[in-house]
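Since the structure comes first, as structure tokens, the remarks are kept for the end.
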Amino acid sequence: VLNYIKSLNGNKIYLYSFSKSSNSYNLYSSVYAILLLGLFDEIKNISINEREEWANYILSFQDKDGMFRDEQLETHMSENGHSWGWYHLLPHVLIALDYLDRKPKYDFTKILSIFDNKNITTWLIEREWIKNPILVSNEIMNIGVALQYSRDYFENQKAKKIVDELKNWLIDNEINNETGLWGLNSTVFNAVKTTYHILPIFIYDKDVPIDINKVIDNTLLTENSVGGFSPNINANACEDIDSLYILSMLQSSDIDLTRNVDKVIQNHLKWIYVNQNNDGGFVFTRYSKFQYGDQNILSSKKDESNIFAT
């Protein structure tokens, strides 16, 4: 994997492309490179000067409203999208900067301004929970993470108040009592995806208000016959990580349930390796090409590795 990451690097420590077939260095790919190196505990092997270079590169993309924008990645989705775009990029950037021991130059006024004329309860009620709960949960994750960061690192009291109200509303609304998952009218597969986006807000604050055993039991139902987590045999990387995150992060007091989770995760490893190529990288979906955010720059050919999937 580390060799694959290295193969995408340009002539500067911070320059990375999305895949080998994509020759354009960009912010998204640079941030994903840091996240991967951080997971492998490789940041310590980067010199202090190079870390500063990398951090300054990332910070050069931040505007005064707090958002990070790479002009070459501009599409119809970038400004207002939440499954991809500047809102979606922001939580990734915050983790990357944390690995580099830096913080953003500006607080996230674009996000905070959403709640100048309405409280977050009203905003949450207005979301399309029935039509598209997965997208709603993506919005909540992107905005919630930014508000938590603003609360903790910029000591923003308005952000603290909004986060408290956000969590209180989510505890009392949209949880399916049968599954324990967020997503009242969703299939278990879609409810897992919805929960994946919301749960990290509570885990970060060390406050998980859900029925853990019930959530684990129902997340286990998303395993298919080859070890992936999808109703389709050929699960994609997002489907897999959604279930795997929940199973990995929640700890049950039920010993038999914990053993079952361990067994499922071990079985899932076999499926993960199906999606790894000889170059060390991973595909998003085996037998398919991939395009991220309707962007040619962020694309990979059929069965080609890319940094996002890796």
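Just so you know, these numbers use all the heavy atoms, side chains as well, and skip hydrogens, waters and symmetry mates. Treat the numbers as computed from the prediction; the structure is a model and nothing was measured.
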Using side-chain heavy atoms (C-beta onward) and a distance below 4.5 Å, is [X] in contact with [Y]?
X    : Y    : result
W123 : I120 : yes
M67  : L90  : yes
F229 : L220 : no

[X], [atom1]: over 12 other non-hydrogen atoms inside 6.0 angstrom:
X    : atom1 : value
K289 : NZ    : no
K105 : NZ    : yes
N117 : CG    : no
E50  : CD    : yes
K302 : NZ    : no
I130 : CD1   : no
K301 : NZ    : no
L269 : CG    : yes

Checklist entry - Name the one of S21, S22, S17 that satisfies side chain to side chain donor-acceptor pair (under 3.5 Å) with S19? => result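 Exactly one option meets the side chain to side chain donor-acceptor pair (under 3.5 Å) with S19, and it is S21.
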Item to check | side chain to side chain donor-acceptor pair (under 3.5 Å) partner of S252, the single match among N213, D217, N260 | outcome: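 That would be N213; it is the only one of N213, D217, N260 passing the side chain to side chain donor-acceptor pair (under 3.5 Å) with S252.
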Decide, yes or no, whether a salt bridge links [X] with [Y] under the criterion of side-chain N to carboxylate O below 4.0 Å.
X    : Y    : answer
E42  : K6   : no
R127 : E139 : yes
R102 : E52  : yes
K118 : E126 : yes
R69  : E74  : no
D279 : K20  : yes
K103 : D107 : no
K167 : D164 : no

Side-chain donor-acceptor contact under 3.5 Å, [X] with [Y]:
X    : Y    : answer
N119 : T122 : yes
N26  : S29  : yes
Q291 : S299 : no
N306 : Y32  : no
E53  : N56  : no
N277 : S305 : yes
N142 : H82  : yes

Next on the checklist: Run the side chain to side chain contact (heavy atoms under 4.5 Å, CB included) test on F108 and Y149 for me, step by step, so that the C-alpha distance in whole Å, both residues' side-chain angles and the decisive distance to 0.1 Å come before the verdict.
Outcome noted: CA-CA 9 Å; F108 315 118; Y149 192 98; 3.8 Å; yes
Looking only at non-hydrogen atoms, find the nearest pair between [X] and [Y] and report the distance.
X    : Y    : value
I5   : A33  : CG2-CB, 4.4 Å
E165 : T121 : OE2-OG1, 2.6 Å
L35  : A96  : CD2-N, 3.8 Å
G183 : A191 : O-CB, 4.4 Å
S225 : I233 : OG-CD1, 3.3 Å
T310 : F282 : OG1-N, 3.0 Å

Hey, what do you get for [atom1] ([X]) to [atom2] ([Y]), rounding to the nearest 0.5 Å?
X    : Y    : atom1 : atom2 : result
L199 : I246 : CG    : CD1   : 6.0 Å
R286 : N275 : CZ    : CG    : 5.5 Å
L27  : D70  : CG    : CG    : 5.5 Å
I13  : N49  : CD1   : CG    : 11.5 Å
I212 : D254 : CD1   : CG    : 12.0 Å
S150 : I143 : OG    : CD1   : 13.0 Å

Could you state whether [X] and [Y] fall into the same hydrophobic cluster, counting links through intermediate Ile, Leu, Val, Met, Phe, Trp or Tyr residues with side-chain heavy atoms under 4.5 angstrom apart?
X    : Y    : result
L135 : L166 : no
I114 : L94  : yes
I48  : L37  : no
V188 : M249 : yes
I134 : I175 : no

Checklist entry - Going through the checks in order, is the side chain to side chain contact (heavy atoms under 4.5 Å, CB included) test met by T75 and W84? => result CA-CA 10 Å; T75 72; W84 182 89; 3.5 Å; yes
Centroid separation [X] to [Y] less than 6.0 Å:
X    : Y    : answer
W169 : W182 : no
F61  : W86  : no
Y28  : Y292 : yes

Exam field: side chain [X] to backbone [Y], donor-acceptor pair closer than 3.5 Å:
X    : Y    : result
N232 : N234 : no
N218 : T179 : yes
Q148 : I201 : yes
K44  : D41  : yes

Checklist entry - Once the angle between the rings of Y196 and Y245 is folded into 0 to 90°, is it parallel (under 30°), tilted (30 to 60°) or perpendicular (over 60°)? => result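 Judged by the thresholds at 30° and 60°, the geometry between Y196 and Y245 is perpendicular.
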Next on the checklist: In terms of relative ring orientation, are Y16 and W54 parallel, tilted or perpendicular, with 30° and 60° separating the classes?
Outcome noted: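 Plane angle under 30°, so parallel.
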Checklist entry - Which is it for Y25 and Q72 under the side chain to side chain contact (heavy atoms under 4.5 Å, CB included) test, yes or no, and what are the steps along the way? => result CA-CA 10 Å; Y25 303 120; Q72 66 176 323; 5.7 Å; no
Checklist entry - Going through the distances and angles, do N267 and E223 end up as a side chain to side chain donor-acceptor pair (under 3.5 Å)? => result CA-CA 10 Å; N267 189 48; E223 183 191 26; 3.0 Å; yes
Checklist entry - Taking it one step at a time, do T194 and V136 satisfy side chain to side chain contact (heavy atoms under 4.5 Å, CB included)? => result CA-CA 8 Å; T194 301; V136 172; over 6 Å; no
